[in-house]
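Please read these numbers as outputs of a predicted model, since none were measured by experiment. In the text below, chain A, chain B and the rest are named by the order of the sequence lines, each starting its count at 1. For the numbers below, each heavy atom of this structure counts, side chains included, while hydrogens, waters and symmetry mates do not.
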Number of protein chains: 2
Amino acid sequence: MNGSTPQQMRRQFIEAAGQMTQTLGAGRVLGQVFTHIYFSRDPQSLDDLTRALGISKGSASMIVRQLEQWGALRKVWIKGERKDYYEALDHFGRILRRALLEVIGRKMEVGDHLLEEADARMQEAVARSNNDMADWSFLRERVGKIRAFRGRAQRLWDSSILKMLLK
Amino acid sequence: MNGSTPQQMRRQFIEAAGQMTQTLGAGRVLGQVFTHIYFSRDPQSLDDLTRALGISKGSASMIVRQLEQWGALRKVWIKGERKDYYEALDHFGRILRRALLEVIGRKMEVGDHLLEEADARMQEAVARSNNDMADWSFLRERVGKIRAFRGRAQRLWDSSILKMLLK
DNA sequence: TGATACGTTCAATATCAATTGAACGTTCGC
DNA sequence: GCGAACGTTCAATTGATATTGAACGTATCA
């Protein structure tokens with residue numbers, strides 16, 4: 001049977017995590033690297049990663065940096081060793097939070113800016129009271145609903161509940 | 001200046017939404033189609049979509065079905081018309097919820113199953129009390145932390161707070 | 001009934017992002 | 001100072017998946 005030794009089970013987790021992050025659009029090696037380190041008792045070097053996962057050194061380097069920025073990995077110094085070693089942290093809530101903030105936060109900025117600008121321009125247009133009035137007011141109502149939703153989502157994101165429940 | 005007519009502003013929103021869903025990994029036309037319909041006063045047909053957005057009929061058909069399943073669009077019958085027409089709904093919270101459930105929910109099932117299975121197998125192993133004990137207990141502790149987090153995340157997802165705040 | 005207008009499907013293709021690996025700069029030991 | 005061991009970068013490549021469009025089934029109308 002497969003999975004009947006710790007090593008085999010680790011392999012399965014790594015494989016599953018890789019597929020997960022893959023289909024989630026985060027890249028396969030992201031999940032693989034974190035999971036490998038998370039299920040390793042000793043800190044791991046880039047070399048360990050390339051060997052264990054069959055990935056390139058460049059890939060390992062980039063992914064490790066990203067995971068470190070999200071607070072998912074921590075660099076560990078081992079005396080007498082020139083290599084960098086990494087170990088995994090387990091405050092998943094904080095990690096997820098930072099990752100989401102970077103991945104989707106950045107990508108909403110353009111839209112946010114557009115919403116603000118649109119609002120200003122619509123007020124202008126309404127004040128001018130020229131043609132297109134029906135179109136402008138329709139736009140305005142729709143934009144208003146989006147902004148309201150944005151506001152609620154933002155408040156939820158900032159709320160302490162998330163922070164508490166996700167540890 | 002651009003954006004000085006309702007039409008131009010709509011274009012901007014459609015463009016921005018397209019980029020957003022694109023970089024978020026949901027495909028460009030998803031955002032384009034929903035935004036186009038959301039900012040249209042009249043229900044739109046597949047033909048309208050292909051013309052307004054320059055996308056293929058097949059693309060329009062598939063995307064519209066997906067959006068409809070998520071509750072983002074509703075089919076509207078117009079008497080004397082053979083085409084299907086769609087209008088946008090604005091309960092964004094519900095839409096987002098369903099979309100996330102389908103997109104990420106499915107993709108976590110494999111991992112979930114693996115976690116359950118792992119737990120069972122580890123208990124087995126511990127009961128057998130054979131070799132690898134240190135490895136097994138390490139694995140067990142790490143898996144335990146993941147499962148605990150999964151539990152908290154699940155409870156948060158099911159909580160009423162999300163539903164209330166996201167309307 | 002035949003002809004037309006639709007919506008759907010899915011294999012082929014185009015597009016985009018993940019991954020590689022060679023080249024480079026730096027640090028460390030000798 | 002020299003060579004080896006590392007980590008990093010980025011242009012080229014690969015791989016995944018979004019998108020197309022031709023073929024098809026079905027409903028509608030004359």
Side-chain angles (χ1 to χ4, degrees), chain A residues 14-15 17-34 36-37 43-70 73-86 99 102-104 106-107, chain B residues 14-15 17-37 43-69 73-86 99 102-104 106-107:
Chain A
I14 290 167
E15 183 70 21
Q19 280 189 228
M20 215 148 135
T21 51
Q22 167 95 275
T23 57
L24 251 45
R28 181 172 39 97
V29 306
L30 182 85
Q32 288 187 150
V33 165
F34 178 77
H36 170 78
I37 300 181
Q44 301 288 299
S45 67
L46 293 189
D47 227 30
D48 293 331
L49 292 174
T50 63
R51 215 168 326 109
L53 304 175
I55 62 178
S56 71
K57 200 166 48 149
S59 210
S61 173
M62 294 164 105
I63 289 291
V64 154
R65 180 145 36 94
Q66 186 169 47
L67 286 170
E68 201 183 5
Q69 263 167 349
W70 292 347
L73 296 180
R74 168 166 54 196
K75 205 176 277 190
V76 171
W77 266 277
I78 296 185
K79 64 178 178 184
E81 281 280 358
R82 292 175 64 179
K83 299 181 187 179
D84 295 341
Y85 285 85
Y86 296 89
E102 181 176 316
V103 171
I104 74 174
R106 287 291 165 99
K107 292 166 183 173
Chain B
I14 291 168
E15 184 70 20
Q19 279 189 229
M20 215 148 134
T21 51
Q22 167 94 278
T23 57
L24 251 45
R28 181 171 40 97
V29 307
L30 182 85
Q32 289 187 150
V33 164
F34 178 77
T35 307
H36 170 77
I37 300 181
Q44 301 287 299
S45 67
L46 292 190
D47 227 32
D48 293 331
L49 292 173
T50 63
R51 214 169 325 109
L53 303 174
I55 62 178
S56 71
K57 200 165 47 146
S59 211
S61 173
M62 294 165 105
I63 289 290
V64 155
R65 179 145 36 94
Q66 186 169 49
L67 286 170
E68 201 184 2
Q69 264 169 348
L73 296 180
R74 167 166 55 197
K75 206 177 277 191
V76 171
W77 266 277
I78 296 185
K79 63 177 178 185
E81 280 281 359
R82 292 175 63 178
K83 298 180 186 177
D84 295 342
Y85 285 85
Y86 295 90
E102 181 175 316
V103 170
I104 74 174
R106 287 291 166 100
K107 292 164 182 172

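With sequence neighbours excluded, the residues forming a salt bridge (charged side-chain N to carboxylate O under 4.0 Å, His left out) with A:Lys75 are A:Asp84, listed by chain and number. In this view, A:Tyr86 satisfies the ring-ring contact (aromatic ring centres under 6.0 Å, His included) rule with no residue, not counting sequence neighbours. Taking the side-chain hydrogen bond (donor to acceptor under 3.5 Å, both in side chains) definition, one finds that A:Glu102 meets it with A:Trp70, sequence neighbours left out. The side-chain hydrogen bond (donor to acceptor under 3.5 Å, both in side chains) test applied to A:Arg74 returns A:Glu87, not counting sequence neighbours. A:Arg51 meets the salt bridge (charged side-chain N to carboxylate O under 4.0 Å, His left out) test with A:Asp47, A:Asp48; sequence neighbours excluded. Residues satisfying the side chain to side chain contact (heavy atoms under 4.5 Å, CB included) criterion with B:Ile104, sequence neighbours excluded, are A:Leu24.
Between B:Leu24 atom CG and C:dA17 atom C1' there is a gap of 14 Å when expressed in whole angstrom units. Straight-line distance from the CD atom of A:Gln19 to the P atom of C:dA18: 17 Å, rounded to whole Å. If you measure from atom CD of B:Gln22 to atom C1' of C:dA18, you get 15 Å, rounded to the nearest angstrom. What separates CZ of B:Arg28 from C1' of C:dA17 is a distance of 15 Å, to the nearest Å.
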Less than 3.5 Å apart, which donor and acceptor atoms pair up between the side chains of residues 29-36 of chain B and the rest of the protein, not counting sequence neighbours?
residue	atom	partner	partner atom	Å
B:Thr35	OG1	B:Gly31	O	2.7
B:His36	ND1	B:Arg10	NH2	3.3
B:His36	NE2	B:Gln44	OE1	2.9

Review item, side-chain donor-acceptor pairs of residues 55-68 of chain B, under 3.5 Å, at least two apart:
residue	atom	partner	partner atom	Å
B:Ser56	OG	B:Ser59	N	3.1

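The stretch residues 59-67 of chain A touches DNA chain C through A:Ser59, each having a heavy atom within less than 4.0 Å of the strand. Within residues 45-56 of chain A, the residues having any heavy atom closer than 4.0 Å to DNA chain D are, in order of number, A:Leu46. Within residues 78-86 of chain B, the residues approached by DNA chain D to less than 4.0 Å at the level of any non-hydrogen atom are B:Arg82, in residue-number order.
Taken from CD1 in B:Ile37 to CG in B:Leu73, the straight-line distance is 4.5 Å, to the nearest 0.5 Å. In this structure, the separation between OH on B:Tyr85 and CG on B:Leu46 is 10.0 Å, given to the nearest 0.5 Å.
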Identify each atom pair where a protein N or O and an N or O of nucleotides 23-25 of chain C are less than 3.5 Å apart, giving names and distance.
none

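Within the 3.5 Å criterion, the main-chain N or O of B:Lys83 finds no donor-acceptor partner in the side chain of B:Ser45.
Within the 4.0 angstrom heavy-atom criterion, only backbone atoms of the sugar-phosphate kind lie near B:Gly27; the bases stay farther away.
Across all their heavy atoms, B:Lys107 and A:Met20 have their closest contact at O-CG, 3.5 Å.
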